[in-house]
Amino acid sequence: MFHSNPGRRAALGVAGAAVLLLSLAACGEKENSAEPGDGPSVSATADSNLAAKVPDAIKADGVIKVGTDSTYAPAEFLDADGKTVVGFDVELFNAVAQKLGLKAEYESAPFDAILPGVGSGKYEVGVSSFTINPDRLKTVNMVSYYSAGTQWATKKGNPAGVDPENACGKKIAVQVGTVQLDDITARSKKCTDAGKPAIKIDQYQAQSDATAAVGSGKNDAMLADSPVGAYAVKQSNGQLEVLGDIYESAPYGYAVNKEQQAFAEVLKEAVQAVIADGSYKAALSKWGVEGGAITNAELNPSV
C-alpha cells in the first residue's frame with residue numbers, strides 16, 4: 001500500500017480473512033493446493049558484526065519490541081488462534097531481527113497509534129506496511145524494505161459501475177490514516193470542484209472491515225495497498241475483483257525513533273544482509289508478494 005500521514009494499508013487471513021469470507025457467505029474449505037503463507041518459517045543466520053552494532057539499550061533484553069496493526073493481510077494479520085501475528089511483513093522482519101541476533105515481539109495496535117508509539121519509545125520499531133513519505137520522515141527514521149502501490153477492488157462484475165478515474169457519487173471504503181484516504185479525499189474534491197457529487201468516503205479502523213463492507217455491498221469499492229488488495233480478492237472465493245491498474249508505487253519502511261539513528265543504520269544493513277543471503281526472497285515468495293521486492297535498502301530515502 002501506499003500510505004499518507006500515518007497511514008498505509010489492510011488485511012484478512014485466517015482470522016481476518018474469516019471475517020470477510022463470512023460476510024461474503026463464501027467460506028469454502030481450503031483445498032490441498034498451497035496457499036500464501038503455507039510452509040515452514042523463513043529464518044536467517046545471525047551476523048555477529050551486525051549484532052555488535054545494535055545499541056545496548058535495544059539488545060539488552062534480546063528482543064525488538066514491534067508495534068503493528070494486525071488487520072492487513074497478507075502483510076500482518078492474526079492467525080487462527082486470534083493472538084499470533086503472521087504475514088509477509090512479520091516473516092521478513094523476523095529474519096531481519098535474527099540477522100541482528102535478536103527476536104521480534106509484536107504488539108497489535110491501531111495503525112494510527114504506531115508511529116506515535118515509536119516516537120514515545122513504547123515500540124522500538126513500527127512494522128506495519130508504512131509507506132515512506134515526507135510527512136512520516138519528519139517524525140521517524142524509515143528503512144525501506146519493499147515497494148507497493150495502490151489497488152482498487154470491487155464486487156465481481158463491478159455492479160456499481162465504479163470508475164476509479166470518475167468515482168463521483170460512489171461509496172468508497174478505506175482504512176483510517178492511510179495514503180488511500182488522502183487519495184480518495186483528493187478525488188472527491190476534484191468531483192465537487194467540477195460540480196459533481198462528492199464521493200461518499202467510509203473510513204474503517206481495520207482494513208478487513210473495509211474489505212467486508214465491499215463484499216456485503218455496503219460500499220461500492222475500496223482502495224488498499226496493492227498486495228493487500230490482491231490478497232483480499234484471492235481470499236474472497238470469486239466474490240471480489242481488482243479494478244484498474246496499480247499506481248503510485250512507493251517504498252514501505254520500518255519506522256525507528258528519530259533519536260535511534262545508530263539502530264536505524266544497522267537495521268538498514270540487516271535488511272541488505274537478508275536480501276543478500278536469500279532469506280528476503282524466500283519470505284516474499286512464501287507469501288506470493290515477490291513482485292514488490294527491492295534490491296537495495298535505504299535509510300530515509302528521497303520520496
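Heavy-atom basis, side chains included; hydrogens, waters and symmetry copies ignored.
- The closest side-chain heavy-atom distance from V127 to V90 is not below 4.5 Å.
- For the residue pair D89 / S128, no side-chain donor-acceptor distance below 3.5 Å is found, with atom types taken as modelled.
- The residues K155 and E241 are annotated as not salt-bridged, no charged nitrogen and carboxylate oxygen being separated by less than 4.0 angstrom.
- T185 pairs in a side chain to side chain contact (heavy atoms under 4.5 Å, CB included) with only one of the listed residues (D183, L181, D182), which is L181.
- A distance-only check finds no donor-acceptor pair linking the side chain of R187 to the backbone of C168 [under 3.5 Å].
- Contact annotation: the side chain of K122 approaches that of E107 to within less than 4.5 Å [non-hydrogen atoms, C-beta and beyond].
- Around atom CD of E259, no more than 12 heavy atoms belonging to other residues, nucleotides or ligands sit under 6.0 Å away.
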*Where do E91 and K286 land on the salt bridge (charged side-chain N to carboxylate O under 4.0 Å, His left out) test, with the steps shown first?*
CA-CA 9 Å; E91 194 102 32; K286 175 179 173 179; 3.1 Å; yes
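- Not counting sequence neighbours, Y280 has no partner by the ring-ring contact (aromatic ring centres under 6.0 Å, His included) test.
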*Go through T150 and Q180 one step at a time and tell me if the side-chain hydrogen bond (donor to acceptor under 3.5 Å, both in side chains) criterion holds.*
CA-CA 7 Å; T150 289; Q180 283 78 28; 2.9 Å; yes
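- S129 and A75 make their closest contact through OG-CB, 3.1 Å (heavy atoms, listed as atom of the first residue, atom of the second, distance).
- N141 and N300 are linked by a side-chain donor-acceptor pair at a separation below 3.5 angstrom, with hydrogens and angles left out of the test.
- Applying the side chain to side chain donor-acceptor pair (under 3.5 Å) test to every pair with at least one member in residues 51-65, sequence neighbours left out, gives these pairs: K53-E269, D61-K65.
- Checked by atom type, the side-chain pair T131/N133 shows no donor-acceptor distance below 3.5 Å.
- Proximity of the aromatic rings of Y145 and Y254 is defined here by a centroid distance below 6.0 angstrom, and this criterion is met.
- Connection of L102 to V266 is established within a shared hydrophobic cluster, with ILVMFWY side chains joined at heavy-atom distances below 4.5 Å, either directly or through further cluster members.
- Using bins of under 30°, 30° to 60° and over 60° for the plane-to-plane angle, the ring pair F93/Y106 lands in the perpendicular bin.
- Under a 4.0 Å N-O distance rule, the pair K170/D163 does not qualify as a salt bridge.
- Salt bridge D79/K83: absent, no basic N to carboxylate O contact under 4.0 Å.
- With contacts defined as side-chain heavy-atom distances shorter than 4.5 Å, the pair V86/F77 qualifies.
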